[in-house]
Amino acid sequence: HQLANLSEQNARQRYTDYDAKRASLEARLGTDPVLRSELNRHVESGGDLGEFVYKTASRLDEVQQYGNIEALVAKRVAD
């Protein structure tokens, strides 16, 4: 757990909105067993928890902003 705590501390230093992203991901974990499994697998493999939380929440927030993955892809192609 010390590595996870250190990882999250480092993420907080890199990303000013880390705590908001973490809260966003935590809210999804309760309703998405696939996401929960992905998080568990990442932690068990010794991955960087802070980076996983931030990047996963950022991607999911972006998809939610556009409504679905297809709309997000279309937006990126248009840019």
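For the single chain, residues carry numbers from 1 onward in sequence order. Predicted, not measured: the structure shown is a model, and the values here were computed from it.
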Mind checking whether Val63 and Tyr54 sit in one hydrophobic cluster, side chains of I, L, V, M, F, W, Y counted as touching below 4.5 Å? no

Derivation and outcome, side chain to side chain donor-acceptor pair (under 3.5 Å), residues Gln13 and Tyr18: CA-CA 9 Å; Gln13 290 176 352; Tyr18 178 79; over 6 Å; no

Examine the side chains of Arg28 and Gln64 and answer whether a donor and an acceptor come within less than 3.5 Å of each other. yes

With distance as the sole test, does Ser24 use its side chain to make a donor-acceptor pair with the main-chain N or O of Ala57 at under 3.5 Å? no

Answer yes or no: is there an ion pair linking Asp32 with Arg36, defined by an N-O contact shorter than 4.0 Å? no

Distance in Å, Asn40 CG paired with Ser45 OG, rounded so as to fall on 0.5 Å steps: 11.0 Å

Rounded distance [0.5 Å steps], CG in Asp17 versus CZ in Arg12: 12.0 Å

I'd like to check Leu35 versus Leu39 (side-chain heavy atoms, cut-off strictly below 4.5 Å). Are they in contact? no

Residues that Phe52 engages under ring pair (Phe, Tyr, Trp, His ring centres under 6.0 Å), provided they are two or more places apart: His42

Same apolar cluster (I L V M F W Y, side chains within < 4.5 Å links), Ile69/Leu60: no

In the structure I gave you, are the side-chain heavy atoms of Arg76 and Glu62 within less than 4.5 Å of one another anywhere? yes

Linking I/L/V/M/F/W/Y whenever their side-chain heavy atoms sit closer than 4.5 Å, directly or via other members, would Val43 and Val53 fall into one cluster? yes

For Leu72 and Asn68, run side chain to side chain contact (heavy atoms under 4.5 Å, CB included): C-alpha distance rounded to whole Å, both residues' side-chain angles, the deciding distance at 0.1 Å, then the answer. CA-CA 7 Å; Leu72 174 59; Asn68 58 51; over 6 Å; no

Of Lys21, Glu51, Arg22, Lys55, the residue whose pairing with Tyr15 passes side chain to side chain donor-acceptor pair (under 3.5 Å): Glu51

For Gly50 and Ser7, work out which heavy atoms get closest and say how close. N-OG, 2.7 Å

